[in-house]
Number of protein chains: 2
Amino acid sequence: MLKYQQIATEIEKYIEENSLQQGDKLPVIEALMNQYEVSKSTITKSLELLEKKGIIFQVRGSGIFVRRHHRKGYISLLSNQGFKKDLEDYQITSQIIDFDVRKPTQEAAQSLNLQETDEVYYVKRVRYINGQTLCLEESYYHKGIITYLNKEIISESIFHYITEGLGLKVGFSDMYLQVGKLQEEEASLLGLESGDPKLCAESIFHLTNGQPFDFSKVTYNYEQSQFFVQGNSHLL
Amino acid sequence: MLKYQQIATEIEKYIEENSLQQGDKLPVIEALMNQYEVSKSTITKSLELLEKKGIIFQVRGSGIFVRRHHRKGYISLLSNQGFKKDLEDYQITSQIIDFDVRKPTQEAAQSLNLQETDEVYYVKRVRYINGQTLCLEESYYHKGIITYLNKEIISESIFHYITEGLGLKVGFSDMYLQVGKLQEEEASLLGLESGDPKLCAESIFHLTNGQPFDFSKVTYNYEQSQFFVQGNSHLL
DNA sequence: TTGATAAATTATACCGATACAATTATAATG
DNA sequence: CATTATAATTGTATCGGTATAATTTATCAA
């Protein structure tokens with residue numbers, strides 16, 4: 001693990017352990033430099049990382065402060081590693097509806113930079129959180145990249161397999177959201193009524209080298225899912 | 001404007017003008033250093049910015065590449081300056097339903113770090129996009145920070161007034177999303193049916209110094225609103 | 001041709017230093 | 001006491017450099 005990541009982790013732990021609250025001040029950069037015995041630039045990078053994660057904010061001329069803790073039980077739309085409902089005291093399980101090798105839909109092919117004649121792993125499953133249906137998930141995996149899948153793997157965490165088992169590195173993702181009404185089939189799989197609200201999320205996941213390897217359409221059970229996202233105006 | 005921002009803008013323009021596509025390679029850092037006559041660190045910061053904005057991605061040992069252009073017509077959930085449907089050929093108007101000074105709800109008070117006995121500007125309006133109802137918006141503005149508002153201002157862009165008129169600097173925001181069914185009143189204001197799907201977004205906007213100044217609840221017309229968000233796994 | 005090995009390319013981590021800008025604390029002033 | 005001017009604090013921008021890790025290209029051996 002890199003120095004700046006390590007330090008970021010330790011600062012985060014420090015905030016946690018001393019249960020610092022919104023607006024509480026952290027030691028100044030100079031102090032952190034001495035404490036961790038690294039240069040200013042390294043501390044700065046650590047703080048940048050913590051800022052991106054929404055843990056702290058910095059005010060020039062003033063100091064480094066802890067940001068408001070966000071509400072618990074929300075799914076982050078930013079960290080793209082599958083589900084990460086905060087503090088994993090949630091039990092996520094899944095039931096496989098469908099699993100095979102097939103030709104991608106036009107949409108999937110385009111998202112994965114494939115021809116419609118190429119093949120993909122197709123996985124359709126319902127995911128449960130503490131026994132409640134959480135979502136219906138249809139995924140298309142680039143077979144040239146995700147070279148092997150089986151039922152055991154897709155019953156567990158596919159992302160864990162991709163990173164640990166295959167040694168691939170997940171990079172960035174694009175996600176498109178829209179709200180609509182549940183179709184007959186979706187409703188029955190989710191245990192809801194046809195016409196009930198749904199949140200549909202289409203995601204394209206890429207490796208660090210930019211290759212798209214997973215196109216997924218997730219239909220959420222509106223009763224079980226809440227999301228959060230941290231914005232930042234210095235993007236424009 | 002700072003050097004690294006300026007350069008980021010120019011690189012973005014370069015991509016646009018030469019209509020570079022997904023995966024196309026940009027000049028290497030060394031070349032960019034020479035072209036813009038700045039140090040490596042400055043180029044690096046420009047590229048970091050473009051990466052955060054989802055314009056490019058970098059691969060160590062390989063180069064700098066342009067990222068897939070995202071779909072048009074989607075509202076970004078990351079840049080927190082009100083609405084920014086891509087490429088503003090959209091006409092956004094609004095109708096004021098309610099506007100006064102009042103005590104905040106408990107939720108609003110807590111979000112704005114106020115007592116329930118403090119006062120806030122309350123604004124309720126329906127916003128339209130090209131004539132169609134886009135959303136219903138209820139906002140609470142910290143009266144100690146947003147010291148003055150009137151009907152003219154809230155008919156236009158409040159954020160523009162806050163930054164230009166009041167000279168305040170918007171920093172970060174927290175946003176919580178959930179899906180549900182429209183109430184009677186919401187539906188009538190949005191021109192939809194009671195029980196139709198809704199996406200409800202609660203946001204807290206802060207100044208760069210960390211002060212929360214705006215708590216807003218936005219109920220979107222599901223027929224008119226699509227969203228996108230760019231994730232990044234090096235957040236963890 | 002294939003496959004392994006080495007070299008070159010290229011982004012990233014880290015160091016240290018100077019100048020600058022925003023904020024906050026202090027002192028001076030009326 | 002309030003207001004203003006000044007100084008100290010503190011994060012940010014920029015420079016420039018060395019070392020490292022991932023990838024690609026070139027080289028060589030089988």
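Any value given below was found using the heavy atoms of this structure, including those in side chains, with hydrogens, waters and symmetry copies removed. The chains referred to below are lettered A, B, ... by the order of the sequence lines, with proteins before strands, and numbering in each begins at 1.
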Rounded to whole Å, CD of A:Glu30 lies from P of D:dG11 at a distance of 9 Å
Whole Å only: how far is the CD1 atom of A:Ile43 from the P atom of D:dT10?
-> 15 Å
For A:Phe215, enumerate each residue passing the ring pair (Phe, Tyr, Trp, His ring centres under 6.0 Å) test, keeping only those at least two apart in sequence or located in another chain.
-> none
Do we see a donor-acceptor contact under 3.5 Å between the side chains of B:Gln22 and A:Asn113?
-> yes
Residue closer to the 5' end of DNA chain C, A:Ser39 versus B:Val28 (nearest nucleotide) = B:Val28
For chain A, the stretch of DNA chain C it reaches, first to last nucleotide, under 4.0 Å of its heavy atoms = C:dA13 to C:dT24
Under 3.5 Å donor-acceptor pairs involving side-chain atoms of residues 24-38 of chain A, not counting sequence neighbours:
from, atom 1, to, atom 2, distance (Å)
A:Asp24, OD2, A:Gln21, N, 2.7
A:Lys25, NZ, A:Ser62, O, 3.2
A:Asn34, ND2, A:Glu30, O, 3.3

Atom pair distance, as rounded to whole Å: CZ in A:Phe57 and P in D:dT12 | 12 Å
Ion pair present between B:Glu138 and B:Arg125, side-chain N to carboxylate O less than 4.0 angstrom?
-> no
Nearest-Å distance, CE (B:Met1) to C1' (D:dA13)?
-> 14 Å
Under 6.0 Å between the ring centres of A:Phe213 and A:His142?
-> no
Numerically ordered, the residues 3-12 of chain A set in heavy-atom contact under 4.0 Å with DNA chain C is A:Lys3, A:Tyr4
Can a salt bridge be assigned to the pair A:Lys45 and A:Glu51 using a cut-off of 4.0 Å between side-chain N and carboxylate O?
-> no
Separation of D:dA13 P from B:Glu48 CD (nearest whole Å) = 11 Å
So what does A:Leu47 touch, heavy atoms closer than 4.0 Å: a base, only the sugar-phosphate, or nothing?
-> nothing
Quick one: CD on B:Glu137 to OG on B:Ser216, what's the gap to the nearest 0.5 Å?
-> 5.0 Å
B:Tyr122 and B:Phe99: aromatic ring centres closer than 6.0 Å?
-> no
Tell me what A:Thr42 touches on the nucleic acid: a base, only sugar-phosphate, or nothing, going by heavy atoms under 4.0 Å.
-> sugar-phosphate
Could you tell me how the ring of A:Phe57 sits relative to the ring of B:Phe172: parallel (under 30°), tilted (30 to 60°) or perpendicular (over 60°)?
-> tilted
Protein and nucleotides 18-24 of chain D: nitrogen or oxygen contacts under 3.5 angstrom:
from, atom 1, to, atom 2, distance (Å)
D:dA21, O4', B:Arg60, NH2, 3.0

Using the ring-ring contact (aromatic ring centres under 6.0 Å, His included) rule, take B:Tyr121 and B:Tyr140 through it: C-alpha gap first, then chi angles, then the decisive distance, then the call.
-> CA-CA 6 Å; B:Tyr121 277 112; B:Tyr140 301 83; over 10 Å; no
Results of ring pair (Phe, Tyr, Trp, His ring centres under 6.0 Å) for A:Tyr176 - residues two or more places apart only = B:Tyr74
Along DNA chain C (nearest heavy atom to each residue), the more 5'-positioned of A:Phe65 and B:Gly63 = B:Gly63
